[in-house]
Protein chains: 2
Amino acid sequence: MSVKISMKDVAKEAGVSVSTVSRVLNNGKYVTDETKNKVNTAVKKLNYRPNVIARGLRTQKTNSVGLILPDITNEFFGKLAKSIEEKLNEHNINLLLCNSNENPKIEKNYIEALLDKSVDGLIFISSGFDENLDLFPEDLPVVVIDRRPSADRNIYFISSENKKGGYLATKHLIENGCRDILMLKDEKLVSPMNERLLGYQAALRDYNIDFRPEYIIKSKIDLKEIKEKILKIHNKIKFDGIFAGADRLAIGAIRTLSKLGYQIPADIQIVGFDNIPFAKYYNPSITTIAQQIDKIGHKSAELIIELINNKNMGQADSFYFPVYLIKRESTT
Amino acid sequence: MSVKISMKDVAKEAGVSVSTVSRVLNNGKYVTDETKNKVNTAVKKLNYRPNVIARGLRTQKTNSVGLILPDITNEFFGKLAKSIEEKLNEHNINLLLCNSNENPKIEKNYIEALLDKSVDGLIFISSGFDENLDLFPEDLPVVVIDRRPSADRNIYFISSENKKGGYLATKHLIENGCRDILMLKDEKLVSPMNERLLGYQAALRDYNIDFRPEYIIKSKIDLKEIKEKILKIHNKIKFDGIFAGADRLAIGAIRTLSKLGYQIPADIQIVGFDNIPFAKYYNPSITTIAQQIDKIGHKSAELIIELINNKNMGQADSFYFPVYLIKRESTT
DNA sequence: CTGAAAGCGCTAACAG
DNA sequence: CTGTTAGCGCTTTCAG
């Protein structure tokens with residue numbers, strides 16, 4: 001039975017012309033109720049479904065949005081993708097998901113592929129290579145999340161108050177008595193981490209603690225790598241607190257330090273970032289800075305839809321969502 | 001500069017006909033090297049990119065594959081999605097990702113949307129509502145993963161040796177001295193969990209331990225829910241071992257039991273399933289049954305590509321990938 | 001209110 | 001080897 005049935009078949013069945021069918025399906029304006037009924041009956045009877053490819057060719061709209069992100073298995077990006085997709089789905093827009101794997105070259109390929117596919121808009125979490133932003137045509141609706149492109153680009157941007165998060169985390173540690181505070185951060189020069197670092201530095205300054213560059217430990221957000229880094233420095237540097245720029249880093253650190261015999265939080269206190277689901281269920285549970293991922297995701301989706309429907313929105317805006325500290329067992 | 005340039009422009013620039021351009025771009029057969037050069041030069045000069053929508057309309061191929069899965073934030077599905085996408089990308093096939101959220105109705109919408117989009121094939125992880133499988137047209141290449149549809153459907157299926165996994169986990173606990181072994185399983189009637197349960201039962205039988213239905217604890221794969229379930233039963237049922245059908249369940253259980261004062265593994269030994277990255281870094285690290293997610297993902301992608309290129313492959317096959325036990329601290 | 005006709009950009013016979 | 005032609009399925013003037 002798999003013969004694809006087209007508008008032509010519906011038209012014949014309903015005894016009207018193709019254009020009338022099209023009219024009924026699209027807006028229903030300028031059509032008698034009677035013809036409407038005839039068409040609708042025929043549509044049902046034949047189980048007709050419009051061919052969106054043909055429609056796309058004609059209208060130059062695809063009802064699809066591309067999402068490029070570094071790694072879907074990172075729980076932050078995973079949740080983000082989910083909330084974006086959820087919202088787009090409400091508007092019958094499909095999501096084309098692309099993992100750049102933090103690789104600018106793959107990212108470039110994906111951008112081109114998505115443009116070729118004529119996506120109506122693009123939501124973009126950069127691999128950190130700003131040049132790829134130049135691939136976007138002027139008139140393509142684009143929303144950038146999380147990793148801020150350099151300032152001179154006129155582009156919509158959404159993220160959390162990362163600096164404030166770093167400040168809150170560090171302040172919490174200081175007020176709990178820590179004086180020698182490590183910061184664990186991504187090795188990449190990517191804005192959220194840098195802003196968290198700025199927050200960390202600002203807190204130290206406010207409490208008159210000297211900033212020491214050797215207290216910044218760089219590692220991929222990878223459990224194994226952070227373990228190796230911790231093993232390498234734990235007996236070279238003296239520290240009583242850790243601000244981990246991501247919960248994954250916090251988990252790797254806690255695990256490694258526990259195995260080395262340190263007590264958390266008695267010997268070393270730790271604050272993470274992101275509030276991934278496991279943070280609450282880790283042993284010990286992890287004090288962390290929560291981001292409102294759902295809000296970021298929904299806002300991104302809403303914004304891209306708005307941009308698609310109304311391309312001329314003038315000066316691009318930025319949006320920053322509040323973060324807050326959740327106190328758990330990894331700090332006193 | 002954003003005027004979309006088409007094959008016509010290239011043809012004019014190169015001084016040839018549109019069909020010649022098409023020929024050069026597609027296979028290059030039956031064209032002089034000279035014309036080839038002319039065309040290629042024009043393509044480069046104009047920075048031409050083919051319109052895949054138009055091509056799709058004409059060829060009835062979209063070079064895209066749909067992936068429907070229950071929840072991208074579940075690390076098993078996330079990794080699966082990533083490995084599928086990776087492989088498809090090698091073949092220049094785009095992935096349309098859809099989260100059904102374990103909801104048959106959303107799932108149905110997505111199936112229809114993907115069919116409307118004329119995806120070339122579909123990779124499908126069911127929400128557990130088999131009727132949705134009937135929505136697939138006979139001639140659509142489909143690969144089902146993880147959750148096996150009822151046997152009478154002629155459909156390609158890929159998963160792990162779940163029963164064997166359940167057996168290995170339970171056997172390990174028994175050989176470590178456990179006699180009262182809980183099984184934590186998804187509340188859904190979904191095949192992987194049921195097969196793990198069969199493995200659990202088979203192991204008990206082989207070691208002459210009675211199966212007691214009250215030792216099967218059902219919970220969503222959700223940290224909070226499993227916590228509540230454990231709290232409810234821990235002092236009603238006596239147990240010295242737990243086989244958790246998913247690492248997430250294992251983590252929720254360990255955390256809850258630790259808080260209650262039980263020592264893991266001294267008082268209670270636990271084996272999980274999946275080998276998610278955190279299993280290795282949990283406190284204590286978790287003995288688990290590893291699935292070869294990458295292999296499953298790559299196989300699915302390869303299979304769907306094969307089916308797309310060669311629709312008539314006859315009787316549908318099933319593929320089961322080996323699992324193995326990784327010994328860590330949550331068992332002795 | 002409805003139908004005819006053109007055309008979105010591309011590919012695939014079919015001639016030559 | 002290359003050009004002409006038709007048409008994929010739909011929307012959108014333009015007449016009527």
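First the proteins, then the strands, lettered A, B, ... as listed; each starts at 1.
Heavy atoms of A:T59 sit under 4.0 angstrom from primed sugar atoms or phosphate atoms, though from no base atom.
Rounded to an integer number of Å, the gap from A:R58 CZ to C:dA5 P is 16 Å. In this structure, the OH atom of A:Y48 is 7 Å from the C1' atom of D:dC10, given to the nearest Å. The distance from atom CG of B:D116 to atom C1' of D:dC10 is 14 Å, rounded to the nearest whole Å. Spacing between atom CE of B:M7 and atom P of C:dT11 amounts to 5 Å, rounded to whole angstrom units. Nucleotide D:dC8 holds its C1' atom 16 Å from the CD1 atom of A:I5, rounded to whole Å. Rounded to whole Å, atom C1' of D:dG7 lies 14 Å from atom CG of A:N51. The distance from atom CG of B:L57 to atom P of D:dC10 is 9 Å, rounded to the nearest whole Å. Summarising the geometry, the separation between CD1 on A:I53 and P on C:dC10 is reported as 14 Å, rounded to the nearest angstrom.
Residues A:K108 and A:L135 form a side-chain contact, since some pair of their non-hydrogen atoms from C-beta on lies under 4.5 Å apart. A heavy-atom distance below 4.5 Å is found between the side chains of B:M7 and B:Y48. Two residues are said to be in side-chain contact when any heavy atoms from C-beta on lie closer than 4.5 Å; A:N94 and A:N63 fail this criterion. Side-chain contact between A:Y110 and A:L96 is absent, with no heavy atoms from C-beta onward closer than 4.5 Å. Two residues are said to be in side-chain contact when any heavy atoms from C-beta on lie closer than 4.5 Å; A:K87 and A:K299 fail this criterion.
Of the candidate nucleotides D:dT2, D:dG9, D:dC14, D:dC14 has the atom lying nearest to any side-chain atom of A:R23. Here the nucleotide nearest the side chain of A:Y30, chosen from D:dG9, D:dT11, C:dT2, is C:dT2. Here the nucleotide nearest the side chain of B:V31, chosen from C:dT2, D:dT2, C:dT11, is D:dT2.
Checked for salt-bridge contact, A:K220 and A:E102 miss the test: no charged N lies under 4.0 Å from a carboxylate O. Using a cutoff of 4.0 Å between basic side-chain nitrogens and carboxylate oxygens, A:K36 and A:D33 are scored as salt-bridged.
Taking side-chain N and O atoms only, B:N26 has a distance below 4.0 Å to OP1 or OP2 of C:dT11. For B:R55 and C:dT11, the shortest distance from a side-chain N or O to OP1 or OP2 is below 4.0 Å.
In the region residues 10-20 of chain B, proximity to DNA chain D at under 4.0 angstrom, judged on heavy atoms, holds for B:V16, B:S17, B:S19, B:T20.
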